[in-house]
Amino acid sequence: MTDLQFLTWVRGPGLNIAIGIFLLGVLWRLIEIYTLGRRKDLAAPRHAAGASGFHTVFRRSLPLPGMLKRSPVSYIGGYIFHAGLAIIVFLGAPHILLIKNLVGLSWPALPSQFIGLAAVVTMAAMVVVLADRINKPVKRFLSTFEDWFTWAVTFLPVLTGWMATQHLLLPYTQMLALHILSAEILLVVLPFSKLLHGFTLFGSRWYNGKVNAHKGVPV
Amino acid sequence: MQGPLIDTLARQGITRRTFLKYCATLASMMALPPTAGRAMAEAMAAARRPSVIWLPFQECTGCTESITRSHSPTIEGMIFDMISLDYQETLMAAAGHQAEAARANAMKENAGKYLLIVDGSIPLKMDGAYSCIGGRSNVDILKEAAAGCAAIVAMGSCASYGGIPKANPNPTGAVSVSDIVKDKPIVNIPGCPPIPVVMTGVLAHYLTFGSLPALDDKGRPKSFYGDTIHDRCYRRPFYDQGKFARTFDDEGARQGWCLFELGCKGPVTHNACATVKWNGGTSWPVESGHGCLGCSEPDFWDGGGFYKALSAPADPLKFAAAAAVVGAGAGVAVSFANRAKKSAARASHETTTLADLEK
């Protein structure tokens with residue numbers, strides 16, 4: 001298989017399979033989760049300021065009082081790499097073009113140098129967060145295979161994409177093909193791992209906020 | 001045209017100075033040190049018409065047109081004229097058995113020394129019957145000619161990688177020269193067609209140093225195929241700024257913005273078009289407003305469509321709708337199973353009363 005055949009495979013059948021599994025998995029899991037339901041809370045609702053699903057969606061993005069000082073790496077590193085990933089995925093020109101081809105929506109892109117910078121910062125933040133996870137005994141104890149694995153499948157598309165544009169290690173065509181392949185692996189893994197939080201995040205925050213708001217507790 | 005090359009060039013009005021300048025340019029294009037230009041000039045000037053046999057197989061004659069016509073009457077064309085082209089079906093006066101006899105004769109007289117140029121792919125299906133010359137299959141002629149040659153130049157993408165005849169579903173079983181000949185030095189000069197100066201550059205290198213230039217992993221001269229079109233493209237700044245032409249006649253196209261979205265394969269194509277250009281440096285595909293097709297890469301014809309951007313899907317999504325339906329179905333099925341489990345749990349639940357606790 002030549003470089004171009006490999007690239008064409010990942011752009012064609014590979015992408016087909018990955019998006020198929022991704023859609024199948026995401027729909028399956030979301031429907032399964034949201035149809036679980038809970039018993040209706042028959043107690044009379046209490047009211048408290050700032051207690052609602054909507055409030056919680058936003059509040060959970062902020063650290064609890066004192067937590068930023070106790071766990072700065074988790075918060076700051078976490079913010080940086082999530083924002084970086086969003087910038088790279090949604091504001092990189094080739095990525096917007098892919099989205100446009102898949103769903104028909106498009107918007108202006110950021111300069112490629114800026115995306116390159118975002119990739120470097122994102123990778124640095126991810127490495128720091130990983131080092132923190134390894135160094136802190138409690139975090140390490142709580143980590144399972146899934147944590148290490150999802151870190152790797154998230155990190156690899158950023159690394160290979162950046163290396164492709166910087167012409168590092170392998171010829172561009174091979175690195176680009178590896179980049180697309182790694183993104184496809186991410187798509188396949190996403191619905192069946194904790195990475196599904198990209199979809200369930202706001203729903204579960206809303207749910208928690210609403211359940212607690214009924215009890216008059218702003219969480 | 002007998003005698004050293006310099007005499008023939010002089011007769012055609014090429015001055016020593018022009019010739020030296022040309023050799024220096026050629027040397028710098030091939031990333032050779034400045035002294036190489038002089039060595040090249042000396043070697044080429046004294047060269048006594050090496051015998052060249054040009055075998056045309058499954059080809060369109062575009063490579064021959066590129067070399068002999070598009071640059072004529074430039075110095076490249078003349079140097080090409082200076083070699084002793086003992087067999088070239090399109091250019092030679094002889095035909096039929098005479099032509100085949102000329103080939104046999106050249107092979108015999110220059111055994112072990114002649115340069116073999118091949119354009120076109122070689123069909124292997126049906127014992128090579130898809131393309132025959134003088135009643136003999138291409139593969140048969142190639143094996144015979146390759147046995148006595150000093151080196152082989154695979155001209156164009158067909159000879160280098162199979163090219164368009166090899167495009168899916170490859171009805172003739174087309175293969176490249178390097179798929180058949182394993183024991184001779186082969187230099188690939190892919191392109192559809194290749195750039196003429198690359199051909200003369202390789203020839204000059206061969207005449208000067210008696211060897212083929214440094215090659216990349218796909219058998220191409222590194223000096224010409226070392227960079228991608230994208231990295232050398234004058235429209236590259238627009239790519240970096242995110243300025244793209246979205247159709248061939250929009251404002252972006254008129255402004256000369258990047259053609260990536262229109263399917264340009266420049267990022268994955270190694271060739272010298274962006275620096276050497278075509279037709280004596282007049283223009284090249286991207287400069288005239290069309291994206292690169294990637295013609296110097298193996299299997300460029302099956303690269304997912306010329307007008308699809310590299311980051312866009314190569315094929316329309318086939319399983320997406322079916323997968324979504326299956327996924328939704330699985331979700332619903334599992335949710336029913338979960339509900340059944342809950343109902344069963346509720347039904348089997350035994351209520352604990354005060355009386356039970358007091359037992």
Side-chain angles (χ1 to χ4, degrees), chain A residues 1-5 7-17 19-37 39 91-102 106 108-116 164-165 167 171-174 176-177 179-180 191, chain B residues 161 168 216-218 227-228 230-231 236-237 239-244 246 258 260-261 265 267-270 294 297-305 308-339 342 346:
Chain A
M1 189 182 254
T2 62
D3 297 353
L4 203 62
Q5 282 173 328
L7 179 62
T8 309
W9 188 87
V10 293
R11 286 175 57 213
L15 189 72
N16 250 316
I17 295 166
I19 290 186
I21 295 175
F22 172 77
L23 284 175
L24 187 150
V26 167
L27 279 170
W28 171 346
R29 293 210 56 198
L30 286 183
I31 291 174
E32 181 181 351
I33 290 166
Y34 287 119
T35 54
L36 272 178
R39 274 201 177 168
L91 294 173
H95 303 153
I96 297 175
L97 199 58
L98 174 66
I99 296 168
K100 186 184 167 191
N101 269 273
L102 292 176
S106 74
L110 281 176
S112 59
Q113 287 92 342
F114 188 86
I115 300 297
T165 55
H167 297 297
Y172 179 78
T173 313
Q174 284 175 27
L176 177 65
H179 169 62
I180 299 176
Chain B
Y161 307 129
N168 193 26
D216 69 6
D217 62 333
K218 293 190 178 70
D227 290 320
T228 64
H230 186 60
D231 287 344
R236 175 63 185 266
Y239 174 88
D240 290 331
Q241 290 165 24
K243 290 179 175 168
F244 300 98
R246 298 206 153 80
C258 177
F260 180 82
E261 290 200 9
K265 300 294 178 292
V268 293
T269 305
H270 295 78
E297 295 295 323
D299 303 302
F300 78 100
W301 200 261
D302 294 319
K308 275 188 194 147
L310 268 175
S311 67
D315 303 323
L317 294 182
K318 286 178 196 139
F319 322 124
V325 171
V326 172
V332 170
V334 173
S335 76
F336 272 112
N338 286 340
R339 273 167 189 252
K342 265 201 289 189
R346 210 175 291 134

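Model, not experiment: these values are computed from the prediction. Letters A, B, ... are given to chains in the order of the sequence lines, protein chains preceding strands, and every chain is numbered from 1.
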Asker: For A:Y34, I'd like to know if atom OH has over 12 heavy atoms of other residues, nucleotides or ligands within 6.0 Å.
Answerer: yes
Asker: As an exercise, state the distance from CD1 of A:I17 to NZ of B:K318, rounded to the nearest 0.5 Å.
Answerer: 9.5 Å
Asker: Determine the minimum heavy-atom distance between B:A312 and A:L98, stating which atoms define it.
Answerer: CA-CD1, 4.4 Å
Asker: Between A:L7 and B:L310, does a side chain to side chain contact (heavy atoms under 4.5 Å, CB included) hold up when you go through it step by step?
Answerer: CA-CA 9 Å; A:L7 179 62; B:L310 268 175; 3.8 Å; yes
Asker: Once rounded to the nearest 0.5 Å, what's the spacing between atom CZ of B:R346 and atom CZ of A:R39?
Answerer: 5.0 Å
Asker: Pick whichever of B:G331, B:S335, B:A337 has the most heavy-atom pairs under 4.5 Å with chain A.
Answerer: B:G331
Asker: Heavy-atom cut-off 4.5 Å, strictly under: side chain, backbone, both or neither for B:K218 against chain A?
Answerer: side chain
Asker: What part of B:V334 is in contact with chain A, defined as an atom under 4.5 angstrom from a non-hydrogen atom: side chain, backbone, both or neither?
Answerer: side chain
Asker: Could you check whether any side-chain heavy atom of A:P111 comes within less than 4.5 Å of a side-chain heavy atom of B:D240, counting everything from C-beta outward?
Answerer: no
Asker: Hey, what do you get for OG1 (A:T173) to NZ (B:K265), rounding to the nearest 0.5 Å?
Answerer: 12.0 Å
Asker: Quick check for you: to the nearest 0.5 Å, what is the distance between B:T269 atom OG1 and A:Y172 atom OH?
Answerer: 11.0 Å
Asker: Taking all non-hydrogen atoms of both residues, which atom of B:P298 and which atom of A:L4 are closest, and how far apart?
Answerer: O-CD2, 3.3 Å
Asker: Calculate, to the nearest 0.5 Å, the distance between atoms CG and CG belonging to B:D315 and A:L15 respectively.
Answerer: 9.0 Å
Asker: Please determine, among B:G329, B:G327, B:A333, the option with the most heavy-atom pairs under 4.5 Å with chain A.
Answerer: B:G327
Asker: Measure across A:N16 and B:P316 and return the closest heavy-atom pair with its distance rounded to 0.1 Å.
Answerer: ND2-O, 3.6 Å
Asker: Looking only at heavy atoms, what is the nearest atom pair of B:A324 and A:L27, with distance?
Answerer: O-CD1, 3.3 Å
Asker: For each of B:E261, B:Q241, B:H230, tally heavy-atom pairs with chain A at distances under 4.5 Å, and name the one with the top tally.
Answerer: B:E261
Asker: Quick one: pull up CG in A:L97 and CZ in B:F244 and give me the separation to the nearest 0.5 Å.
Answerer: 8.0 Å
Asker: For A:L36, does its backbone N or O pair with a side-chain atom of B:N338 as donor and acceptor, under 3.5 Å?
Answerer: no
Asker: Let me know if B:D299 has heavy atoms under 4.5 Å from chain A in its side chain, its backbone, both or neither.
Answerer: both
Asker: A:I180, A:I33, A:L24, A:I31: which one forms the most heavy-atom pairs within less than 4.5 Å of chain B?
Answerer: A:L24
Asker: Surrounding CZ of A:F114 (heavy atoms of other residues, nucleotides or ligands, distance under 6.0 Å), is the total greater than 12?
Answerer: no
Asker: If you tally heavy-atom pairs under 4.5 Å against chain A, which of B:V268, B:T228, B:D217 wins?
Answerer: B:V268
Asker: Please give me the minimum heavy-atom distance between A:G20 and B:A323, naming the atom from each residue.
Answerer: O-CB, 3.1 Å
Asker: Among A:L23, A:T8, A:N101, which residue has the highest count of heavy-atom pairs closer than 4.5 Å to chain B?
Answerer: A:T8
Asker: Give the minimum heavy-atom separation between A:H167 and B:D231, together with the two atoms involved.
Answerer: NE2-OD2, 2.6 Å
Asker: Measure A:P13 against the heavy atoms of chain B and call it side chain, backbone, both or neither at under 4.5 Å.
Answerer: both
Asker: Heavy-atom pairs under 4.5 Å with chain A are the metric here; pick the option from B:G294, B:A321, B:P313 that has the most.
Answerer: B:P313
